[in-house]
Amino acid sequence: DNKGIARLLQAEKDAAGIIQDARNARKERLQQAKLEAKKEIDTYMNERMEAFNKFKNEHQKGTSSVEEGIKASTDKEVEDIQASYEQNSDAVVAMLLKYVTQ
């Protein structure tokens with residue numbers, strides 16, 4: 001009878017060990033799955049950031065070329081106005097003097 005109880009206790013101890021090993025293995029698999037998921041997320045995040053930065057850089061270049069075009073157009077208009085002023089200033093002054101002195 002003592003042998004039977006001892007065998008049951010040993011079987012119970014062995015079963016508890018098997019269960020603990022299974023729990024440890026499950027915990028390890030879960031940690032590994034979390035690490036793999038984190039790696040995948042980080043890889044995806046890096047890919048998206050690279051795509052975003054590329055998009056941003058391409059569109060910033062477009063903006064600066066538009067700004068350069070507007071600046072060139074504005075500069076040309078200022079030059080035209082300045083040239084017109086220089087061309088007509090003497091005539092305008094003469095016309096004003098004529099009307100004031102009459």
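Any value given below was found using the heavy atoms of this structure, including those in side chains, with hydrogens, waters and symmetry copies removed. Since this is a predicted model, take the numbers as computed values, not measurements.
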Whether Thr101 side chain and Leu97 backbone form a donor-acceptor pair below 3.5 Å: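 Side chain of Thr101 to backbone of Leu97: a pair is present.
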
Non-hydrogen side-chain atoms of Gln31 and Leu35 separated by less than 4.5 Å: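 No, side chains not in contact.
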
If you measure from [atom1] on [X] to [atom2] on [Y], what distance do you get to the nearest 0.5 Å?
X: Ile5; Y: Arg7; atom1: CD1; atom2: CZ; answer: 12.5 Å
X: Asp14; Y: Ile19; atom1: CG; atom2: CD1; answer: 11.0 Å
X: Glu68; Y: Ser73; atom1: CD; atom2: OG; answer: 13.5 Å
X: Asp75; Y: Asp80; atom1: CG; atom2: CG; answer: 11.0 Å

Selection residues 26-49 - residue pairs positive for salt bridge (Lys or Arg N to Asp or Glu O under 4.0 Å), sequence neighbours left out: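 Qualifying pairs: Lys38-Asp42.
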
Asn46-Glu50 side chain donor-acceptor pair, cut-off 3.5 Å: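 Asn46 vs Glu50: no donor-acceptor pair found between side chains.
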
Under the side chain to side chain donor-acceptor pair (under 3.5 Å) test, residues paired with Gln102 that sit two or more places apart: none

Gln20 atom CD, neighbour heavy-atom count above 12 within 6.0 Å: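 Count over threshold, so yes.
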
